[in-house]
Colleague: 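Dropping a structure here in structure tokens format, bear with me for questions.
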Amino acid sequence: MDSFLIFWFLIILLIIGLTIGLIYLGYWIPKRFGKRKLGKWIAVILSITVLFFILSIAFEDELFFKSDAEELLAEHNIELKENFKLNSNEFVGIKDFYHRFELTISETDKLRIKNKITKAENYQHLEDETTDIRIDKPRYVKGNDSLKFTANYETETQYIYEYYKPNQIGYAPTYNRISIMKAENKLIYENISD
């Protein structure tokens, strides 16, 4: 574990050093050619860009909007036609990434998504808890394969749509789960990369 921490500490130190060096060069090179004012502007612009990048990572949860949720749902042909509320949003992890958000949706949208799930060709009514579509599926594919898997099922408390797509070696498979709660007008979206 210590070597892991040392590795990431060195990577972060290298990134910080390169960033500071780039900002300094942005100032120093124009200054060397007698364009000190230009150098200041370049250094300020580079500094603001780096600061914006750091803040966007630090406040990733707060910078997630309803339009982002709509885009992620649209990838699975799920459209919310009526107004909805973004209740929570959570991003966790770097290597093992987990993104989850929860929406309060209208009764009409809930019914339409429920019907989409229950009328799918591969729909199953399960009495027990949720399953995991990834079990017994390949993790990686060679080439530009368009292999994908979906599951549509119902448990005692939820209607669930799962999507799984293995990717090329070096890239985590794409795994999404969209759940509609039976007792409430809630939609839960999960993206898990491990």
Side-chain angles (χ1 to χ4, degrees), residues 1 4 7-8 11 53 56-81 84-105 109-194:
M1 188 69 174
F4 177 78
F7 171 77
W8 281 107
I11 293 292
F53 179 73
S56 69
I57 290 172
F59 295 103
E60 192 171 27
D61 289 345
E62 289 79 10
L63 296 173
F64 185 81
F65 301 104
K66 289 169 74 170
S67 60
D68 298 320
E70 288 176 314
E71 283 180 30
L72 290 172
L73 293 172
E75 291 176 6
H76 302 285
N77 298 319
I78 295 176
E79 180 183 1
L80 298 175
K81 295 187 177 183
F84 62 93
K85 179 182 172 197
L86 178 61
N87 298 331
S88 64
N89 180 55
E90 174 186 8
F91 289 95
V92 179
I94 294 171
K95 185 179 176 191
D96 293 336
F97 176 78
Y98 178 74
H99 178 207
R100 178 187 189 278
F101 64 80
E102 180 181 299
L103 307 175
T104 299
I105 60 176
D109 282 336
K110 174 184 174 179
L111 187 59
R112 198 176 64 264
I113 298 168
K114 171 203 160 216
N115 287 337
K116 178 181 170 67
I117 292 171
T118 57
K119 298 207 183 315
E121 286 183 26
N122 62 354
Y123 168 75
Q124 293 181 331
H125 182 78
L126 304 174
E127 294 298 328
D128 56 350
E129 288 300 311
T130 60
T131 61
D132 190 340
I133 193 173
R134 299 174 291 181
I135 296 173
D136 299 329
K137 304 287 188 297
R139 186 164 170 78
Y140 301 108
V141 293
K142 293 182 180 173
N144 192 8
D145 198 344
S146 60
L147 186 66
K148 358 178 170 178
F149 303 93
T150 61
N152 292 278
Y153 58 95
E154 173 183 353
T155 66
E156 190 175 311
T157 59
Q158 307 171 48
Y159 299 99
I160 300 170
Y161 164 83
E162 288 188 10
Y163 173 87
Y164 177 74
K165 181 180 184 296
N167 290 319
Q168 295 179 8
I169 294 176
Y171 297 94
T174 303
Y175 174 61
N176 302 125
R177 179 187 297 142
I178 299 169
S179 308
I180 303 291
M181 307 306 291
K182 288 184 175 180
E184 304 172 84
N185 290 350
K186 298 232 185 291
L187 180 148
I188 298 170
Y189 172 94
E190 297 170 283
N191 177 9
I192 304 166
S193 296
D194 57 357

Colleague: What is the minimum heavy-atom distance between S193 and P173, and which atoms define it?
Modeller: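 Residues S193 and P173, closest heavy atoms: OG-O, 4.1 Å.
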Colleague: State, to 0.1 Å, how close N167 and A172 come at their nearest heavy-atom pair, and which atoms those are.
Modeller: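 Looking at all heavy atoms of both residues, the shortest contact is ND2-O, 2.7 Å.
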Colleague: What ring-ring contact (aromatic ring centres under 6.0 Å, His included) pairs are there with at least one residue in residues 154-174, not counting sequence neighbours?
Modeller: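 Of all non-adjacent pairs touching residues 154-174, those that pass ring-ring contact (aromatic ring centres under 6.0 Å, His included) are H76-Y161, H76-Y163.
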Colleague: I need the K165 NZ to F149 CZ distance, nearest 0.5 Å.
Modeller: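 That separation rounds to 11.0 Å.
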Colleague: With rounding to the nearest 0.5 Å, note down the distance linking CD1 in I113 to CG in N77.
Modeller: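 The CG atom of N77 is 12.0 Å from CD1 of I113, to the nearest 0.5 Å.
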Colleague: Between the side chain of E162 and the main-chain N/O of I133, is any donor-acceptor distance below 3.5 Å?
Modeller: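 Yes, E162 side chain to I133 backbone: donor-acceptor pair under 3.5 Å.
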Colleague: Test of understanding: with salt bridge (Lys or Arg N to Asp or Glu O under 4.0 Å), list the residues that count as partners of K182, not counting sequence neighbours.
Modeller: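 Here the qualifying residues are E154.
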Colleague: When you look at CZ of F53, are more than 12 heavy atoms from neighbouring residues, nucleotides or ligands closer to it than 6.0 Å?
Modeller: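 It does not: F53 CZ has 12 such atoms or fewer within range.
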Colleague: Side-chain contact test, heavy atoms from C-beta onward, threshold under 4.5 Å: evaluate it for I192 versus R134 and give yes or no.
Modeller: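 Contact flag for I192/R134 side chains = yes.
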Colleague: State, with a plain yes or no, whether a side-chain heavy atom of D68 is found less than 4.5 Å away from one of F101.
Modeller: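 No; the side chains remain at least 4.5 Å from each other.
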Colleague: With sequence neighbours left out, write down each residue that passes salt bridge (Lys or Arg N to Asp or Glu O under 4.0 Å) with E70, or none if nothing qualifies.
Modeller: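 Checked E70 against salt bridge (Lys or Arg N to Asp or Glu O under 4.0 Å); zero matches.
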Colleague: Which salt bridge (Lys or Arg N to Asp or Glu O under 4.0 Å) pairs, counting each pair once, include a residue from residues 109-118, with sequence neighbours left out?
Modeller: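 Every pair satisfying salt bridge (Lys or Arg N to Asp or Glu O under 4.0 Å) with a residue in residues 109-118: D109-R112.
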Colleague: Using side-chain heavy atoms (C-beta onward) and a distance below 4.5 Å, is F64 in contact with L72?
Modeller: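 In contact.
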Colleague: Check side chain to side chain donor-acceptor pair (under 3.5 Å) between T150 and all other residues, then give those that pass, not counting sequence neighbours.
Modeller: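 Result, side chain to side chain donor-acceptor pair (under 3.5 Å) vs T150: N122.
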Colleague: Is I180 close to I105 at the side-chain level, that is, under 4.5 Å between some pair of heavy atoms?
Modeller: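 Heavy-atom side-chain distance check passes, below 4.5 Å.
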Colleague: Just do the salt bridge (Lys or Arg N to Asp or Glu O under 4.0 Å) check on E90 and R100 with the steps written out, would you?
Modeller: CA-CA 5 Å; E90 174 186 8; R100 178 187 189 278; 5.3 Å; no
Colleague: For residues K66 and L86, report the shortest heavy-atom separation together with the two atoms involved.
Modeller: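 So the two residues come closest at CG-CB, 4.2 Å.
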Colleague: Using the side chain to side chain contact (heavy atoms under 4.5 Å, CB included) criterion, which residues pair with I135? Sequence neighbours excluded.
Modeller: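 Partners of I135 by the side chain to side chain contact (heavy atoms under 4.5 Å, CB included) criterion, ordered by chain and then number, come out as D132.
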Colleague: With side chain to side chain contact (heavy atoms under 4.5 Å, CB included) as the test, pick out the partner of I178 among N191, L73, I117.
Modeller: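 Among N191, L73, I117, the one meeting side chain to side chain contact (heavy atoms under 4.5 Å, CB included) with I178 is L73.
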Colleague: What verdict does the side chain to side chain contact (heavy atoms under 4.5 Å, CB included) test give for R139 and I169, after you've listed the backbone C-alpha separation in whole Å, the side-chain angles of each residue and the deciding distance to 0.1 Å?
Modeller: CA-CA 8 Å; R139 186 164 170 78; I169 294 176; over 6 Å; no
Colleague: How long is the straight-line distance from CD of Q124 back to CD1 of I160, given to the nearest 0.5 Å?
Modeller: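 The CD1 atom of I160 sits 11.5 Å away from the CD atom of Q124.
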Colleague: Restricting to side chain to side chain contact (heavy atoms under 4.5 Å, CB included), what partner residues turn up for N87, sequence neighbours left out?
Modeller: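 Scan of N87 (side chain to side chain contact (heavy atoms under 4.5 Å, CB included), adjacent residues dropped) gives K85, E102, T104, K186.
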